[in-house]
Amino acid sequence: MESEDEEDDTVLPDLPNAEDTDDVRMRLAPNPNGPWHIGHARMPAVIGTYAEEYDGEFIVRFDDTDPETKRPLLWAYDEILDEVEYLGFEPAEVYKASDRLETYYDHARDLIEKGGAYTCSCSGETFSELKNDAEPCPHRDKDPETTLSEFEAMVDGEYESGEKVLRVKTDIEHKNPALRDWVAFRIIDTPHPREAADQYRCWPMLDFQSGVDDHLTGVTHIIRGIDLQDSAKRQQFVYDYFDWEYPEVVHWGHVQVDEYDVKMSTSTIRELIEAGELDGWDDPRAPTIPSVRRRGIRGEALVDAMVQLGTSTSNVDLAMSSVYANNRELIDDGADRYFFVREPHEDFTVTGNAPDAAHPPVHPDHEERGTRDIDPGSRVRIEEADVPEDGERIWLKGFGCFRRDGTKLDYAGDDITAVREEGVDVIHWVPADSATLTQMRKKEGDVVGYAEPGFREAEPDEMVQFERVGFARVDRQEADDETVVYFAHK
RNA sequence: GCUCCGUUGGUGUAGCCCGGCCAAUCAUUCGGGCCUUUCGAGCCUGUGACCUGGGUUCAAAUCCCAGACGGAGCACCA
C-alpha cells in the first residue's frame, strides 16, 4: 500500500538542483539579538526537514556583525541553540561571524587587489544621490594600493564611525539601483559585546560577510526571506571576482501568526518586557518560542505546521489552530484527566443518597491507568456557566445526577439515560473542602480556580487535560498550596 | 521615482515550466450527523477558491497582453 518509489510524504517542493550535489548543506543564520519569536521557527523547521529529506545537514551561523543597531544579547546565542534543539534539530557545526573578522579582512584585501573594491568617504546622502543618478563617486577610480592602505587604516581603527567605508565595485549603471556599489565594510565605534570580538571596529555588512561565509563553509542551498531578494544579485559580483559558484537560493515571504495581540518582532517584545507589560520572553501572551514551549506545545507540532506553509514567495499567515491540532495529536494520549473549575459559582451543598466517592477514569481511552478517587465531601463547586436553573438536573461527571434545589444539589440517581435521552448536561466539578487552588496562565489573561485534590500531586512539566477546559502544562507546585499551570489549547 | 516579486476556498497548500484526465488536491477551520458520563479523538457528511479584462486555441488555473491589488529592495540593519 505504500508507494514503491519513496516515502514521499513531504509537502515541501524539491530543492533546486539537489540531485547534482553529493551533500545538501544549508545554513541557519540567526541574529542573536534576542530569543526567537514564533516566526523564526520556520527557518529551522524547513531547513532541518530538507536536511533530513536529502540526507544532508545544516550549520548554524550567528550573523552578529552589528554591535550597535542589532546588538547581540550574550545569552541569546545559547538560547537560540536550545530552541533549535527543542524544535528537534541538530546543527552539524556552529559558527559566529564575530569570530571570523580576520577571514573577512583577508578576503577584502584579495578583493581590493583584484580591483573589486574601493574605499569611499562620501556621506551616505551624497553617495545615494550619485548612485540614483548612476554616477560614480570621485573615489571609485582610486588605485588598489591606495585603497588597500586606507582599508588597513580602517581595520587599525584610524577612522571614526561614518568617516570611511569599503564599497564593492559592481556596475554603477546597473538598472537596479539596489545593486550599485554597495557597502562591504564600515566603522562601528561601539565595541562588540563578545569579549572575543570587542577589539574590532571595522565590521563587514551582511552581504559581504554572509556571501564569503556561505562559500567558505560549503553551503549548497540558501533559503531566505524576500527582504533579501537582492542579496544574491549583490553578492554575485563578489563571487564573480573570486570566481566562485553561487549556491542555489530559495526566497520566501514573511510569516504572520494569528491569535496574538502582540506584534511579532524581537524589538517590540523586548520593549514590552522592559516596560513590564510582559513578564518575560516566556510570558503566555508573548508570541515567542519560549512561550509556546512553556505552554507545553511540542516543537514537532510547530515544525509540522511551518513545513506545511511551504516556501511560497507570498506572505503567509500561520494559523495557531493548526499548531494546536498537531500538538493535540501528540499529547492527548499521554495527558491524564483532571477537573478544574474556573472562577466558580458559590458552593452547593450535596444532599440525598449520593455515593461516598466519585471515580472518573484517569484517561477515557486507557482503562488500565485506573480511576481518580474524589471524595466530594458535603459541598461541591461548579462553574458559573454550568449552574442549572432551580429545579433542573445536572450530571456531575463520574459522580451522578443531581437536581438543584436552591443552594443544594439533591442526588437524583445514577441512571445514565438522563444524559443519553433526557438532555441532562454533564459537567465537571470539584469538592469544595479539598479542592486545590490553581492558577492558569493563558494568552487571554490569567484564570484562578480550583482543581480536584489529586491535582496537587501532578508533576511539573506534565501535560494534563482539564476536562471540558483544555490541555495545560503543569508549571510548578507553589509552597502555599497553589499550583500554576500554563494553558496550551482546547 | 527606479528595480524585483507575487495574486487558487476562512487559513495554508497542490496543479502553472511541458494547455485537455482540474466542475481543481491535501491539511486545518467552519456547519450537520453518529458515537461518547468531558474535551479531544474516531466515523459519516456538507459549505467553500483559480484577482479583473482582453487575446491565442477545438480546449486556459495553466500561454500572451493590459490593468487592479499586495509584498519587497534602492541603509555605513540583519
Pair K70(A) + D63(A), salt bridge at N-O below 4.0 Å: no
Sugar-phosphate, base or nothing in reach of I416(A), heavy atoms under 4.0 Å: base
Assigned partner base of A68(B), Watson-Crick or wobble definition, under 3.5 Å: U7(B)
Sugar-phosphate, base or nothing in reach of K397(A), heavy atoms under 4.0 Å: base
Where protein sits on nucleotides 73-78 of chain B, one letter per nucleotide: B base, S sugar-phosphate only, - none, heavy atoms under 4.0 Å: BBSBBB
Identified pairing partner of C63(B), criterion: Watson-Crick or G-U wobble below 3.5 Å: G55(B)
Touch class at under 4.0 angstrom, heavy-atom based, for R420(A) against every strand present: sugar-phosphate
Touch class at under 4.0 angstrom, heavy-atom based, for P360(A) against every strand present: nothing
Pairing nucleotide - C17(B), Watson-Crick or G-U, each distance under 3.5 Å: none
Sugar-phosphate, base or nothing in reach of G398(A), heavy atoms under 4.0 Å: base
Proximal nucleotide (of U37(B), G12(B), A72(B)) relative to the H254(A) side chain: A72(B)
Under 3.5 Å, which protein N or O atoms sit close to an N or O of nucleotides 27-34 of chain B? Give each pair with its distance.
none

K443(A) to F487(A) six-membered ring, cation-pi geometry met (6.0 Å, 45°): no
Any strand: nucleotide that pairs with G31(B) via Watson-Crick or wobble, under 3.5 Å: U45(B)
R372(A) NZ/CZ over F339(A) ring centroid, <6.0 Å and within 45° of normal: yes
Any residue meeting ring pair (Phe, Tyr, Trp, His ring centres under 6.0 Å) with H428(A), in chain and number order, not counting sequence neighbours: none
Side-chain donor or acceptor of T438(A) paired with backbone N/O of T436(A) under 3.5 Å: yes
Under-4.0 Å salt bridge between K397(A) and E452(A): no
Side chain K131(A), main chain D181(A), donor-acceptor under 3.5 Å: no
Base of G6(B) paired with side chain of N315(A) (donor-acceptor, under 3.5 Å): no
Any S312(A) side-chain N or O less than 4.0 Å from OP1/OP2 of U13(B): yes
Side-chain donor or acceptor of Y105(A) paired with backbone N/O of C202(A) under 3.5 Å: yes
Any-strand Watson-Crick or G-U partner of A75(B), both distances under 3.5 Å: none
Phosphate-side-chain proximity, K175(A) and C4(B), N/O vs OP1/OP2 below 4.0 Å: yes
Distance under 6.0 Å and angle within 45° of ring axis: R27(A) vs Y95(A): no
